[in-house]
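Letters A, B, ... are given to chains in the order of the sequence lines, protein chains preceding strands, and every chain is numbered from 1.
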There are 2 protein chains.
Amino acid sequence: MAVENQDLRKAGLKVTLPRVKILQILESSDVRHLSAEDVYRALLDAGEDVGLATVYRVLTQFETAGLVIRHNFDGGHSVFEVARGEHHDHMVCVESGKVIEFHNDEIEALQEQIAAEHGYELAGHSLVLYVNPLK
Amino acid sequence: MAVENQDLRKAGLKVTLPRVKILQILESSDVRHLSAEDVYRALLDAGEDVGLATVYRVLTQFETAGLVIRHNFDGGHSVFEVARGEHHDHMVCVESGKVIEFHNDEIEALQEQIAAEHGYELAGHSLVLYVNPLK
DNA sequence: TTGGGTGCAAATTGTTTGCAATTGT
DNA sequence: ACAATTGCAAACAATTTGCACCCAA
């Protein structure tokens with residue numbers, strides 16, 4: 001039995017075919033950030049007969065379970081990526097749509113500091129850099 | 001003639017009643033970040049008969065003209081705020097929903113630097129801190 | 001067996017668009 | 001006068017939900 005199944009069980013989710021398949025797609029895709037539609041099409045390409053509604057339901061359950069992270073980059077739709085423990089932020093190339101991940105301890109620390117200066121505790125954050133290739 | 005009208009003309013927009021009213025609402029509201037619906041309801045409350053579609057059209061025109069800034073905080077809908085020249089980021093209290101503005105040159109500089117390190121030029125960014133009040 | 005899970009179609013939500021009527025300039 | 005602008009309703013896109021059927025435990 002594959003590793004994913006343990007993850008699903010641990011999350012209190014029954015190990016069903018759609019859930020396993022979706023998790024596999026998220027984990028095996030070389031593009032790490034996929035929209036619900038992307039996952040749906042990947043399923044169809046793989047010959048799996050799963051409804052789009054199910055994809056949305058499952059992705060939301062995965063998010064709740066902490067298995068995936070949902071991002072709301074510019075432009076309406078959400079994208080999902082498998083959670084791998086270490087936190088990182090994103091850079092999106094406005095020209096190609098390519099998503100690059102990065103992490104910067106200094107920025108992370110400054111955020112904590114700023115929140116504290118205002119009498120708050122940092123609960124989370126969203127940082128997205130929109131960039132263009134240097135000529 | 002009010003100041004707003006100059007702004008509208010400068011933006012190449014005819015000075016029409018809906019546009020003037022919407023600009024006034026954005027400028028006079030004590031809550032600085034309003035959704036299209038918020039603006040629409042404010043118009044109705046003020047007895048103005050403006051269509052929701054017009055609110056969306058006008059807000060988009062204002063954004064293009066640089067008069068307002070559109071934000072996509074968590075949760076589907078966009079919010080707008082009047083642009084006042086100086087750039088700033090946002091902190092959202094997850095408990096109260098309150099929005100606090102802040103600015104940090106160090107973070108701004110780090111962003112440019114990170115983009116450059118990856119061979120990109122920073123075109124824009126979105127930074128939102130989700131925070132909780134310190135006990 | 002049986003309650004959770006799924007597919008499908010219909011419903012929602014936020015936003016955009018076509019078009020005829022209206023209004024600044 | 002004339003093009004820009006608006007209102008309304010219909011069109012859209014992304015996502016959610018109701019419900020009868022299905023299947024993992």
Side-chain angles (χ1 to χ4, degrees), chain A residues 1-2 4-23 25 33-44 46-65 67-80 97, chain B residues 1-2 4-25 33-44 46-65 67-80:
Chain A
M1 187 184 301
E4 297 101 30
N5 301 11
Q6 305 304 335
D7 296 333
L8 290 176
R9 261 191 249 293
K10 220 175 302 175
L13 298 169
K14 261 190 196 169
V15 179
T16 64
L17 193 137
R19 300 217 256 239
V20 173
K21 286 297 174 190
I22 290 175
L23 196 45
I25 284 173
H33 303 78
L34 303 176
S35 68
E37 272 283 334
D38 291 337
V39 173
Y40 179 59
R41 279 198 302 276
L43 284 168
L44 295 190
E48 300 297 335
D49 191 15
V50 176
L52 178 55
T54 299
V55 173
Y56 275 106
R57 269 187 294 235
V58 170
L59 286 174
T60 302
Q61 291 160 351
F62 284 4
E63 184 194 11
T64 305
L67 292 176
V68 308
I69 297 171
R70 179 198 302 256
H71 297 288
N72 296 302
F73 297 157
D74 274 6
H77 64 305
S78 304
V79 297
F80 303 81
Chain B
M1 187 186 301
E4 297 101 30
N5 301 11
Q6 306 304 335
D7 297 334
L8 290 175
R9 263 193 248 294
K10 220 175 300 176
L13 298 169
K14 262 189 195 172
V15 179
T16 65
L17 193 139
R19 300 217 256 239
V20 173
K21 286 297 175 191
I22 290 174
L23 196 44
Q24 284 179 352
I25 283 173
H33 303 78
L34 303 176
S35 68
E37 273 284 333
D38 291 337
V39 173
Y40 179 59
R41 280 199 301 278
L43 283 168
L44 294 189
E48 300 297 335
D49 190 15
V50 176
L52 179 55
T54 299
V55 173
Y56 275 106
R57 269 187 295 233
V58 169
L59 286 174
T60 302
Q61 291 160 350
F62 283 4
E63 184 194 12
T64 305
L67 292 175
V68 309
I69 297 172
R70 178 197 303 255
H71 298 289
N72 296 303
F73 296 158
D74 274 4
H77 64 306
S78 304
V79 297
F80 302 81

(message) Nearest heavy atom decides the nucleotide; on that basis, is B:Val79 or B:Lys14 closer to the 5' end of DNA chain C?
(response)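 Comparing both residues, the 5'-ward one is B:Val79.
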(request) Select from B:Arg70 and B:Thr16 the residue whose nearest nucleotide in DNA chain C is closer to the 5' end of that strand. (result)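 Its nearest nucleotide lies further toward 5', so the answer is B:Arg70.
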Separation of atom [atom1] in [X] from atom [atom2] in [N], rounded to whole Å:
| X | N | atom1 | atom2 | answer |
| --- | --- | --- | --- | --- |
| A:Leu52 | C:dA10 | CG | C1' | 14 Å |
| B:Leu13 | D:dA3 | CG | C1' | 14 Å |
| B:Leu34 | C:dT15 | CG | C1' | 17 Å |
| B:Gln61 | C:dT17 | CD | P | 12 Å |
| A:Phe73 | D:dA14 | CZ | P | 16 Å |
| B:Leu43 | D:dG7 | CG | C1' | 13 Å |
| A:Leu8 | D:dA25 | CG | P | 10 Å |
| A:Leu44 | C:dG7 | CG | P | 11 Å |

Any heavy-atom pair between the side chains of [Y] and [X] that's under 4.5 Å?
| X | Y | value |
| --- | --- | --- |
| A:Tyr40 | A:Val50 | no |
| A:Leu34 | A:Ile25 | yes |
| A:Leu52 | A:Glu37 | yes |

Distance from [X] atom [atom1] to [Y] atom [atom2], nearest 0.5 Å?
| X | Y | atom1 | atom2 | answer |
| --- | --- | --- | --- | --- |
| B:Arg9 | B:Lys14 | CZ | NZ | 11.5 Å |
| B:His71 | B:Glu63 | NE2 | CD | 9.5 Å |
| B:Phe80 | B:Ile69 | CZ | CD1 | 11.5 Å |

(request) Sort out for me which residue in A:Thr54, A:Leu67, A:Ile22 forms a side chain to side chain contact (heavy atoms under 4.5 Å, CB included) with A:Leu59. (result)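 Only one option passes, and that is A:Ile22.
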(request) Could you tell me whether the phosphate oxygens of C:dG7, OP1 or OP2, come under 4.0 Å of any side-chain nitrogen or oxygen in A:Thr54? (result)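 Yes, A:Thr54 has a side-chain N/O under 4.0 Å of OP1/OP2 on C:dG7.
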(message) Tell me whether the side-chain N/O atoms of B:Tyr56 come closer than 4.0 Å to OP1 or OP2 in C:dT16.
(response)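 Negative; the distance criterion is not met.
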(request) Look at all strands and tell whether A:Ser78 reaches a base, only sugar-phosphate, or nothing, counting heavy atoms closer than 4.0 Å. (result)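 If one applies the 4.0 Å heavy-atom cut-off, A:Ser78 turns out to touch the sugar-phosphate alone, with no base involved.
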(message) Need one value for A:Arg19: base, sugar-phosphate or nothing, where a base atom within 4.0 Å counts as base even if backbone is also close, heavy atoms only.
(response)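 Answer is sugar-phosphate: A:Arg19 comes under 4.0 Å of backbone atoms only.
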(request) Quantify the bending of the helix from C:dT12-D:dA14 to C:dT25-D:dA1 as the angle between its end axes, each fitted on five pairs, to 10°. (result)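 Angle reported: 20°, given to the nearest ten degrees.
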(message) On the side chain of A:Arg57, is there an atom forming a donor-acceptor pair with the base of D:dG18 - under 3.5 Å, no angle test?
(response)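 Check passes, donor-acceptor contact within cut-off.
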